[in-house]
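Quick notes on the structure that follows.
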Amino acid sequence: MDNTYLVRLKAYDARRGHVLRRYTYAGIKFQEERGWYRVEKPVADYLRTVRQLPGDAYSPLAFDVSTDAEAKALDAAEADEAKVKRNASDELKLSAARPAGTLTAEDLPKAEEKDTRRGVGGHRGARKSGHRQARVSSRVNARRPRSRPGCGARSEAGGQRRVAGTLSSSWPCAARVTPRPCACGSCRLQC
């Protein structure tokens, strides 16, 4: 048994980069749920080099490889960390109280109370209907054709668009813009 080691796949923890849940090498399928596997030295030496993400040298190691004594120590440490409720017979650290004179939230001056009701004050998006209206108008504005040089310009009065008599074919929208009679009816301009 001198030439064997205990090997296990590290527990899944995406935050730490441990994302492997199973791994197969030399006909042995390693699964996270099964815990420790006893393997020969050449297999253990290879598994020491396996990373969580293949080809990424900065990825964490995928396996815990240890001797029997090291594995027992790891299991004992993990069991102690996983233990939530402490017994009176356990060695407990002293939980020190806050020293007198320490500033707390109760010592701070009270701030004015704000009206937290919905739709009171704030910006337009705070009210549900105003927010919806802002979204709808932005969609409508996105569909409107923009004026481009050669396709027309905005007039000074009323913000109406005048379309020049000749359209520039260099702009892609030139073929789509069709002149319409002016809404006022008193001028001969095409808007």
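Please read these numbers as outputs of a predicted model, since none were measured by experiment.
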Test item: Leu6 and Tyr37 side chains (from C-beta on) under 4.5 Å apart, heavy atoms: no
Gln52 side chain vs Ser59 backbone, donor-acceptor pair below 3.5 Å: no
Presence of salt bridge, Asp68 and Lys72, under 4.0 angstrom: no
Non-hydrogen atoms of Ala44 and Val65 that approach each other most closely: CB-CG1, 3.9 Å
Glu40, CD: over 12 other non-hydrogen atoms inside 6.0 angstrom: no
Trp36-Val39 co-clustered via ILVMFWY side chain contacts under 4.5 Å: no
Joint cluster assignment, Val7 & Val50, ILVMFWY side-chain distance < 4.5 Å: yes
Close side-chain approach of Asp56 to Arg51, heavy-atom, < 4.5 Å: no
Spacing of Arg8 atom CZ and Glu32 atom CD [to the nearest 0.5 Å]: 10.0 Å
Whether over 12 other heavy atoms sit under 6.0 Å from Arg22 CZ: no
Check: Leu47 and Tyr23 side chains under 4.5 Å, non-hydrogen atoms: yes
Minimum heavy-atom distance between Arg48 and Tyr5, given as atom pair plus value: NH2-CE2, 3.8 Å
Spacing of CD1 belonging to Ile28 relative to CD belonging to Gln31, to within rounding of 0.5 Å: 12.5 Å
Minimum heavy-atom distance between Pro60 and Gly17, given as atom pair plus value: CG-O, 3.8 Å
Linked, directly or transitively: Leu53 and Leu9 (ILVMFWY side chains, under 4.5 Å): no
Test item: Leu61 and Phe63 side chains (from C-beta on) under 4.5 Å apart, heavy atoms: no
